[in-house]
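Below is one structure, written out as structure tokens; the observations come after it.
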Amino acid sequence: MTTVTELIDETDEALRACDSVHRACNAVAAAVSAHSAASVDVLLANANHLYLVACSGVWHAPRAARVNYGIAGRVLATGHTVSLRDASIDYPDLYADRSARSVVSAPVRHGHMPTNGVVTVEFDGVQSDHDDWEAALTKIGALLGKRIHQLGGPSKESAPQWLLRHTLNIAAADDPGELATRTCRAAVELSGLRCAALLVRRVNVSAQWSGPPLIVMADYCATGSRRLVDAVSALPQPSLSRLVDAACRHQAAHSRANLNVLDARGFEPLIDAGVGTVIAASVHMGTERLDFEAAMLVMDEIAFQPPPDTAFVLELLMTNAAVFYERMSRQQKLQTMAESDPLTGLRHRGPLAGRLASSIPSRTAVVAADIDNLKVINDMWGHDAGDRALTEVADAIRKALRGSDEVFRVGGDEFIAVLDVPDHEEAVRVAERMAASVADRGHRISVGVAVRSPDEPPEITLRRADDAMYAAKRDKTISVTVAS
């Protein structure tokens with residue numbers, strides 16, 4: 001290579017002429033690439049990702065990677081240059097599909113300040129002057145870190161970049177709880193405030209709804225105490241409802257220092273809890289029918305004015321989260337419809353197979369039940385009466401079971417219950433309670449019980465319970481038979 005001094009001097013001169021962080025990173029990539037004929041990448045850290053700012057060569061790094069990504073993540077974590085004479089040996093998985101052999105990756109930082117980026121050179125072959133390149137790149141990383149510091153530090157994400165990153169993260173949530181928590185975290189990172197709480201209020205409370213009409217669904221604290229979110233969670237329902245109303249009314253930031261000029265109605269509980277700044281954003285969840293209203297409260301104990309577009313971007317974030325929630329809800333409803341019997345609401349054979357597959361031998365009982373008089377009801381009173389009998393039996397069995405138990409409808413008049421039990425005696429007690437509950441509704445079922453034996457496949461346990469049920473059906477004097 002050209003002498004280390006020549007490369008460093010050339011890079012230093014190019015950096016002094018740069019008037020932006022972006023230009024400085026590209027100047028380094030261009031200078032090193034010109035002297036090495038290798039692939040060069042400059043990545044800067046922002047939050048939990050390394051972002052590709054400049055590159056040259058055949059292979060390009062991903063546009064964004066996690067801060068623990070490969071060699072770059074190791075450099076960022078340790079603050080030391082990593083030098084690999086043959087990367088295909090040291091990192092076979094990372095370099096399995098690429099021609100890179102020698103690799104040098106150096107930290108980008110100024111003095112003793114934290115490392116804020118990585119500059120990496122990847123050569124197609126093993127380099128004889130590997131040590132020279134290690135020394136040169138270490139110095140170049142320090143020069144780039146110094147210039148970035150002089151220019152005011154790494155460029156921060158714009159609001160659109162931030163919104164896109166968090167929207168993608170929120171879209172990857174697997175359930176409503178995780179979705180809510182990720183939204184709270186995004187709100188905290190956007191605003192720079194300490195914590196966030198998401199309040200969800202049910203608009204149309206149906207007779208089947210047994211929970212409170214308003215809950216704190218999720219919260220997130222960046223640092224320090226959880227005092228503020230705990231204070232919100234402890235508020236009575238009327239106070240929480242007023243907070244939702246206030247959030248819907250204002251859609252703005254409220255600072256304790258400005259109470260004389262801002263309408264603080266509804267936010268008094270937050271003021272009493274010591275909140276100095278709150279950004280309130282709300283969204284109506286639901287399109288044709290408004291089932292939910294949600295309010296995000298982003299709070300801090302100190303009083304300051306957030307950037308002017310913070311509340312607007314937060315509102316966009318909430319709207320995106322609501323869209324993902326509605327999509328998730330529709331998907332769950334479709335899945336429930338596909339897995340459930342529309343008459344009784346019980347799940348059927350597909351979910352039963354999954355429950356049996358996860359059952360624990362010696363701790364799981366399978367109970368098979370069949371309605372004895374359904375055909376007589378259908379013949380004498382018609383199928384509408386038979387359908388009513390099925391729903392009555394299903395409801396009676398459901399009420400006889402415990403919280404961890406589940407019953408499935410697997411045939412015309414056959415039900416399978418899966419129980420978590422300590423022994424055969426408990427399984428029989430539950431089965432007898434099922435039969436008695438059904439009898440109270442004017443029907444009779446034959447029941448077979450089998451506890452899964454060690455090393456027994458679950459389908460065999462199911463077959464034994466079924467055989468025991470038919471044995472009970474043949475013997476009119478008993479309702480419950482235990483499988484042998």
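None of these values were measured; they are calculated from a predicted model.
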*asked:* Working note: L243 + L297, criterion side-chain contact (heavy atoms from CB on, under 4.5 Å); need CA distance, chi angles, decisive distance, verdict.
replied: CA-CA 9 Å; L243 285 174; L297 304 176; 3.9 Å; yes
Rounded to the nearest 0.5 Å, what separates atom [atom1] in [X] from atom [atom2] in [Y]?
X: I416; Y: L346; atom1: CD1; atom2: CG; answer: 12.0 Å
X: F408; Y: I397; atom1: CZ; atom2: CD1; answer: 12.5 Å
X: L314; Y: M296; atom1: CG; atom2: CE; answer: 6.5 Å
X: E456; Y: T364; atom1: CD; atom2: OG1; answer: 11.0 Å
X: R227; Y: M299; atom1: CZ; atom2: CE; answer: 10.0 Å
X: L240; Y: L199; atom1: CG; atom2: CG; answer: 5.5 Å

*asked:* Applying side chain to side chain contact (heavy atoms under 4.5 Å, CB included), can you list everything that pairs with A450, at least two apart in sequence or on another chain?
replied: T461, R464, A465, A483
*For the residue pair V82 and T120, establish whether any side-chain heavy-atom pair is separated by less than 4.5 Å.*
no
*Excluding sequence neighbours, so at least two apart, what forms side chain to side chain donor-acceptor pair (under 3.5 Å) with S437?*
none
Minimum heavy-atom distance [X]-[Y], with the two atoms named:
X: A197; Y: V232; result: CB-CG1, 4.5 Å
X: V229; Y: A196; result: CG1-O, 3.8 Å
X: G412; Y: L374; result: O-CD2, 4.3 Å
X: A400; Y: R433; result: O-NE, 2.9 Å
X: A173; Y: R182; result: N-NH1, 3.8 Å
X: V118; Y: A72; result: CG2-O, 3.5 Å

*Contact list for residues 401-411, test salt bridge (Lys or Arg N to Asp or Glu O under 4.0 Å), sequence neighbours left out*: D341-R409, R347-E406, R355-E406, R402-D405, R402-E426
_Of all pairs that satisfy salt bridge (Lys or Arg N to Asp or Glu O under 4.0 Å), the ones with a partner from residues 229-243, not counting sequence neighbours_ = R226-D230
Inspect the contact between [Y] and [X] and indicate whether a charged nitrogen and a carboxylate oxygen are less than 4.0 angstrom apart.
X: K375; Y: D379; value: yes
X: E425; Y: R429; value: no
X: R363; Y: D420; value: no
X: R202; Y: E293; value: no
X: E189; Y: R185; value: yes

Backbone N/O of [Y] and side chain of [X]: donor-acceptor pair under 3.5 Å:
X: T181; Y: G177; value: yes
X: R444; Y: A439; value: no
X: S191; Y: L193; value: yes
X: D175; Y: E178; value: yes

*Can you name the one residue among L84, V104, L76 that meets side-chain contact (heavy atoms from CB on, under 4.5 Å) with I71?*
L84
_Pairs where residues 163-182 contributes a residue and the test ring pair (Phe, Tyr, Trp, His ring centres under 6.0 Å) is met, not counting sequence neighbours_ = W162-H166
Say whether [X] and [Y], considering side chains only, have a donor N or O and an acceptor N or O under 3.5 Å apart.
X: R85; Y: S102; result: no
X: R201; Y: S241; result: yes
X: D372; Y: S446; result: yes

Review item, side-chain donor-acceptor pairs of residues 380-393, under 3.5 Å, at least two apart:
residue	atom	partner	partner atom	Å
T391	OG1	D387	O	3.4
T391	OG1	R388	O	2.8
E392	OE1	H443	NE2	2.7

*asked:* I'd like to know whether D41 forms a side-chain contact (heavy atoms from CB on, under 4.5 Å) with L52, so could you lay out the CA-CA distance, the side-chain angles of the two residues, the decisive distance to 0.1 Å, and finally the verdict.
replied: CA-CA 7 Å; D41 315 304; L52 179 66; 4.1 Å; yes
_Criterion side-chain contact (heavy atoms from CB on, under 4.5 Å) on D300 and V275, from CA distance to verdict_ = CA-CA 6 Å; D300 206 305; V275 172; over 6 Å; no
*Where do T81 and V75 land on the side-chain contact (heavy atoms from CB on, under 4.5 Å) test, with the steps shown first?*
CA-CA 6 Å; T81 299; V75 173; over 6 Å; no
